[in-house]
Amino acid sequence: MQVVGYETDVARDSAEPGADGAQTVETSGPIGGGLYVASGGSVEYVDASPGTELAFGLGERRCAGTVHDGDHVACDAADVPYCDDHSGVWVCARCTGTCLKDEMDCHETHAMYLAAFAPDVLKVGVTREWRLGTRLREQGADRAAHIRTFPNGRITREVEAELAAGDDLVDRVRVPTKLDGFGRAVDEAAWEALLDRFDPIARFDFDYGLGLDDRPVAETMAAGTVRGWKGRVIVLDRGGSTYAVDARDLVGYELTDAVPERELQSSLGAFGG
């Protein structure tokens, strides 16, 4: 049984007018998710919602292959999580306004957003307007603001590239950087100073319901009690400690029934007050 993908569930939002006239959208409470696993060509969903007990060991890891029409096509390549034949790089993710496709097809309305990752990482990004809330949760943003709307992706990417060329905004945030902010608060002064330069259409405030007092320990495992998800990171409680698992790091692994009793790095909380 091989992990071939993962998914974070869509949360329910509540919205109300903000003091500055911009709509304020709030997401609060734990967000669920799960893993897609394949065996003998069939693909099943393993629920990993908050409160779920995962009890899998990790066996060998290899390319996760591909899923086509609901069926899994296995691959024996050693490259992980995907080999060159199955990596499926999305060219739009590299776009800066000059289309990399044979014909431009991003004619939908696009939103430009700003996102804050605790404590003080500030990002500019773009997405199709109808996916905005989902895209922000997929990234695990703590705060966000919809600042512009454009008629197509090309124009949006051009403006994004201009903003990202400055000193205070990035257009990509790696998972280890995000993990550094788990259990910490956003620098509100820096966030508000950034928004003062724009006129937000909508503000987003995310609380993933994890209840973290300290940063969890980064690990790669599939055993423990699920506390919740933040972006693609699963937060697990195990043996008195709390761990953060990048779901992408599980892709390609064979799951086993035997959970190893290997030593894990413990968080400070495991030692009591």
Side-chain angles (χ1 to χ4, degrees), residues 1-9 11 27-37 45-61 64 80-81 115-121 136-143 173-187 205-273:
M1 188 166 63
Q2 184 186 28
V3 180
V4 296
Y6 56 88
E7 181 177 13
T8 298
D9 285 346
T27 295
S28 60
I31 294 176
L35 304 173
Y36 288 101
V37 300
Y45 182 74
V46 175
D47 182 56
S49 296
T52 302
E53 290 282 347
L54 297 180
F56 300 105
L58 300 181
E60 294 183 358
R61 193 183 189 199
V80 294
F117 298 86
D120 56 5
V121 178
L136 294 169
R137 283 188 294 269
E138 286 174 347
Q139 296 180 74
D142 294 298
R143 301 279 189 279
V173 184
R174 303 292 185 184
V175 169
T177 300
K178 296 176 182 179
L179 288 178
D180 285 340
F182 277 39
R184 303 172 70 180
V186 170
D187 183 335
D205 190 351
F206 298 99
D207 179 356
Y208 297 89
L210 297 175
L212 296 172
D213 295 321
D214 299 296
R215 183 178 62 185
V217 179
E219 270 285 358
T220 301
M221 61 184 187
T225 303
V226 179
R227 184 180 288 214
W229 291 64
K230 187 176 182 185
R232 73 187 199 200
V233 176
I234 316 170
V235 179
L236 297 172
D237 291 322
R238 179 178 174 187
S241 291
T242 302
Y243 299 93
V245 181
D246 183 348
R248 182 175 169 82
D249 288 344
L250 295 177
V251 175
Y253 271 109
E254 291 284 347
L255 298 181
T256 70
D257 292 330
V259 179
E261 293 297 329
R262 65 185 178 90
E263 280 192 31
L264 295 171
Q265 183 181 350
S266 297
S267 61
L268 294 177
F271 300 99

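Note that these values count all heavy atoms, side chains included, but never hydrogens, waters or copies made by symmetry.
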Gap separating the [atom1] atom of [X] from the [atom2] atom of [Y], nearest 0.5 angstrom:
| X | Y | atom1 | atom2 | result |
| --- | --- | --- | --- | --- |
| Y243 | R227 | OH | CZ | 12.0 Å |
| T242 | E219 | OG1 | CD | 12.5 Å |
| R137 | K230 | CZ | NZ | 14.0 Å |
| I234 | L54 | CD1 | CG | 7.0 Å |
| Y6 | D249 | OH | CG | 9.5 Å |
| L35 | F56 | CG | CZ | 8.0 Å |

Worksheet item: So do K178 and V233 actually touch side chain to side chain, heavy atoms under 4.5 Å?
Response: no
Discussion item. Which residues pass the side chain to side chain donor-acceptor pair (under 3.5 Å) test with T256, not counting sequence neighbours?
Written reply: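 T256 satisfies side chain to side chain donor-acceptor pair (under 3.5 Å) with no other residue.
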Worksheet, complete the sentence: Residues at least two apart in sequence or cross-chain that pass side chain to side chain donor-acceptor pair (under 3.5 Å) with D205, listed by chain then number, are R143
N/O donor-acceptor pair under 3.5 Å between [X] side chain and [Y] backbone:
| X | Y | answer |
| --- | --- | --- |
| Y208 | A141 | yes |
| D142 | A118 | yes |
| E254 | M1 | yes |
| Q2 | G252 | yes |
| T8 | R232 | no |

State, to 0.1 Å, how close [X] and [Y] come at their nearest heavy-atom pair, and which atoms those are.
| X | Y | answer |
| --- | --- | --- |
| A64 | V251 | CB-CG1, 3.6 Å |
| R238 | M221 | NH1-SD, 3.3 Å |
| V226 | A48 | CG1-O, 3.3 Å |
| W229 | G32 | CD1-C, 3.7 Å |
| L250 | V3 | O-CB, 3.4 Å |
| L255 | A222 | CD2-CB, 4.3 Å |

